[in-house]
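Chain naming here is simple, since letters A, B, ... match the order of the sequence lines and numbering starts at 1 in each. Hydrogens, waters and symmetry mates are skipped; everything else that's a heavy atom, side chains included, is used.
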Amino acid sequence: MFRPNSDWLLRRHPMSTERYNAREAEPRWQKVWDERGIFRTRNDDPRPKYYVLEMFPYPSGRIHIGHGRNYVMGDVVARFKRMKGFNVLHPMGWDAFGLPAENAAIERNTHPGVWTYENIATMREQLKLLGLSLDWSREIATCDPDYYGEQQRIFLEFLKNGFVYRKESEVNWDPVDNTVLANEQVIDGRGWRSGALVERRKLNQWFFRITALAQELLDGLDTLERWPDKVRLMQRNWIGRSEGLHVRFALANPPADAPAGSPADIKVYTTRPDTLFGASFLALSPGHPMAEQLAGGNPALAAFVEECRRGGTSTAEIETQEKMGFDTGLTVRHPLGGPDLPVYVANFVLMEYGTGAIFGCPAHDQRDLDFARKYGLTVTPVVLPPGADPASFAVADVAYDGEGTLYHSHFLDGLTIPEAKEAVAARLEDQRLGNEPVGERAVNFRLRDWGISRQRYWGCPIPVIHCAACGPVPVPEDQLPVRLPDDVTFDAPGNPLDRHPSWKHVACPQCGQPATRETDTMDTFVDSSWYFARFASEPGTRPLQKAAADHWLPVDQYIGGIEHAILHLLYSRFFTRTLKKIGRVSVEEPFAGLFTQGMIVHETYKDAAGKWLFPEEVERDAEGRPVKVGTGEPVTIGAPEKMSKSKKNVVPPEIVADTYGVDCARWFMLSDTPPERDSEWTSAGIEGAWRFVQRIWRLVGDVVALAGPAAPAEPGTFGEDALALRRASHKLAAQMADDIERLRFNVAVARVHAFANVFGDAVVAARRGGTVGDDLAFALHEAARFLVRAVAPSVPHLAEECWTVLGGDGLVAEAEWPASEPSLLAEDTVTLPIQINGKRRADITVPKAASPAEVESAVLALDAVVKALDGRPPKRIIVVPQRIVNVVA
RNA sequence: GCGGGCGUGGCGAAACUGGUAGACGCACGGCACUCAAAAUGCCGCUCCCAAAAGGAAUGUCGGUUCGAUUCCGACCGCCCGCACCA
């Protein structure tokens, strides 16, 4: 027979024994939100705007719970800002063009568009399952002609204004598949699908002139105060500004067979003109025009150049790669009268940086030193380290790149490095070779122009027509968008646009003669470089509207992975600045605040045969060992790794929603681990979140049982218990607001836990006390309502359910953030720890307003202090008001 | 090689601007309730000596300070980014 004892009754109430049924409640509230359209955003809303955006996903198929973390974080911010009175824009879209769709088309014989839109439909439902407060009416897909048509207009405006140009550039060419490969499709120098050795082939390609904005993009980083320092540093390094000197070296023995008009000098770029007297060779990149020309008449050199090209480009390969050179037999004059220098072609000189040629100063550059030692070139130190003896200082295997004074350097002797740089620059500027100065000061950037041509079908067509007579001609405005043809096949290698029977054949817009369309499409990074501006325009309107973009931009909080720290973010910054220059928007920087969240990782599982297993295929046997469900064969558990389909360590959102509810998943994703770090998904963690969700539900039920279903009127006075609870409630609201503003979700979660402990104690005490007075009833109701609103951004469905139980007006999703009364946040006493010689020995509670002198005398009266001083006067007493007291005995 | 970051209990972590180290949670142990279990609640949970009082401890060693997880130096370990950047 069921016979509860009194203790049980104290803690349990029939109301609170009902479990919160997330599976029933969550879809119900999602329907209510949807029907009332409360997440629809209007541009004419008078409230202050707040734009929160998570990096939009590529529609790869299905999402797993690992993808959900950044959407949940963004959603917490969006819901919080709504409660704080902002008109929030929180949209979602699809980065829908890209190579995987073409691969799927080849593998499954489907159209890339069909595959893409099917994936979008699946993933949209999965995202909706998470209860995100998104304005779905603004949803976009970059493969929509409405979207990419506007992108084509932007391209043509950029072209008109000189931000786009065409030049020859090398691509990875797969000679078996007859196709261009992306860098990630080249594995160990071979095509990923065909296995053929990849060739370098030159094609005419379109480029965005991002280097024209290099300085601007660099300077702009300083204004991005709400970006992680790490990302700004990565961009700064990527842009890579350096100041140096272009120096022209005259050829001492031009080759006899050189064609007329061949250059008579070699131009190098250097950041160390001060070391010019230590130069012992010149080196050309294998791609340097002079190297290529010389190779034409020299089979051995041609073979060397070819070998260099095959060398890998990965860092690991480069590190182990030995410095190699080929002596061309050419020599050049030293511009300051030193000995002539031999000219090599060397594998470590990059054509893309500087002028593709360097002078080597082995004593002060490690690469040059390695090279000089290998080829027996002279090593002359010209910078003397401070305190070193000029007679004995020598460089063996380690180049000296530190500070010092110049020596062995004629007119530079005795100068510091900066002085010597200046002196050389000044001297060479005045020297003439031909009609031009030998030296010219130069600012150099590592940043290169952005090549956007892709020899692919599933991308935004480049709106240009090639005419034999007129050259490249822009597609006229009234013929935009240039649509992708739907009737394409993927059964043959190469670009389907190129071999389509009719698509590319058009009349030249200028002369009317037969011409062909550009068959290249744009890099998908172009698509994602302005989508944030498209969201600003209301649905059904032109994709990029100045007024709308100016209203919403910049994005106040952008959230995404660190993997986009450089390219996507830099390209978006370039686009926004360029759009401003052509008058399409008014802002310069697209993202005022950036947050890069960590990934969700999960253990991996392998069976005895080494095959990956899904988490749900693994269970524990009687001894607690991991075994395969059904068979009982042993399972090996691997370290937590990024969730990925290939390793099967994924958790589908549907399973979590069915078992625990998505609020539990949301709460768990916000708990414990700082959001910028990787977080491990565990069953213990999600169960902990489930327990806490139930606990909130019980607390709310307890309050209604104790204090009635309706909030009582505020009484004039409060007892001590009620007041203490009120203080805790008001503090919670204030501190949590601060935590969420700073995106410290794990700290916010801990705070809610701590409050729930205090709240729970108050509930138990109230029940024990028998009757609940008006003041306590008010405080309990207030605590419940504060708690529910404080967690509403994180667990929105649960919050709605609780809000209803508590008799709240309307939806909690539309409620205001609880306002904290300043009088309840202020404490009138403070407890100070008392240290003796830096060790905590006691504490003391004093009025907050107590003067240091009052605190000091109270401290000196403490037993512990009297005992420690043993009659002697203290050497010193440090009173830090509101903080601590330290007595130095 | 270059650049950046991080080391705190069994685990995830907290600690504001140099001021009580370990909040909060997980795991674990004990207890209560139950025929039993689940659920829930209470207690304990860095280490040493323990009855208490103490002492040690934030990777290691040193420095600055009344006081250091926090600042400085050296070392050890781990992680991330990179395009040999002249």
Please classify the nucleic acid contact of [X] as base, sugar-phosphate, or nothing, using heavy-atom distances under 4.0 Å.
X	answer
A:Asn237	sugar-phosphate
A:Val349	base
A:Arg232	nothing
A:Thr270	sugar-phosphate
A:Arg448	base
A:Val880	base
A:Leu233	sugar-phosphate

Below the 4.0 Å mark, does [N] have OP1 or OP2 next to a side-chain nitrogen or oxygen of [X]?
X	N	answer
A:Arg446	B:C2	no
A:Asn746	B:A14	yes
A:Asn757	B:G25	yes
A:Arg691	B:A27	yes
A:Arg744	B:C16	no
A:Lys839	B:A68	no
A:Arg876	B:C66	yes

From [options], pick the nucleotide closest to the side chain of [X]?
X	options	result
A:Thr271	B:A86, B:G25, B:A13	B:A86
A:Ala684	B:C16, B:A86, B:C26	B:C26
A:Arg677	B:A14, B:C84, B:U20	B:A14
A:Arg841	B:U20, B:A14, B:G55	B:G55
A:Met234	B:A39, B:G81, B:A86	B:G81
A:Ala750	B:A23, B:C16, B:A86	B:A23

Q. Where each pair must be Watson-Crick or G-U wobble with both distances under 3.5 Å, what dot-bracket representation of RNA chain B is obtained, with crossing pairs in [ ] and other-strand partners as |?
A. (((((((..(((......[....))).(((((.......))))).(((.....)))..(((((..]....))))))))))))....

Q.
Rounded to whole Å, how long is the line connecting atom CG of A:Asn347 with atom C1' of B:A86?
A. 14 Å

Q: Report yes if a donor N or O on one partner sits less than 3.5 Å from an acceptor N or O on the other, where the partners are the side chain of A:Lys875 and the base of B:C66; otherwise report no.
A: no

Q: Run the ring-centre check on A:Trp690 versus A:Phe668 and record whether the distance is less than 6.0 Å.
A: no

**Q.** Ionic contact status for A:Lys867 with A:Asp863, cut-off 4.0 Å
**A.** no

Q | Ion pair check, A:Asp222 and A:Arg236, cut-off under 4.0 Å | A | yes

Q: Kindly write out the residues that satisfy salt bridge (charged side-chain N to carboxylate O under 4.0 Å, His left out) with A:Arg367, not counting sequence neighbours, or none if the list is empty.
A: A:Asp365

Q) Does A:Phe371 have A:Lys323 sitting over its ring (NZ/CZ under 6.0 Å from centre, angle to axis within 45°)? A) no

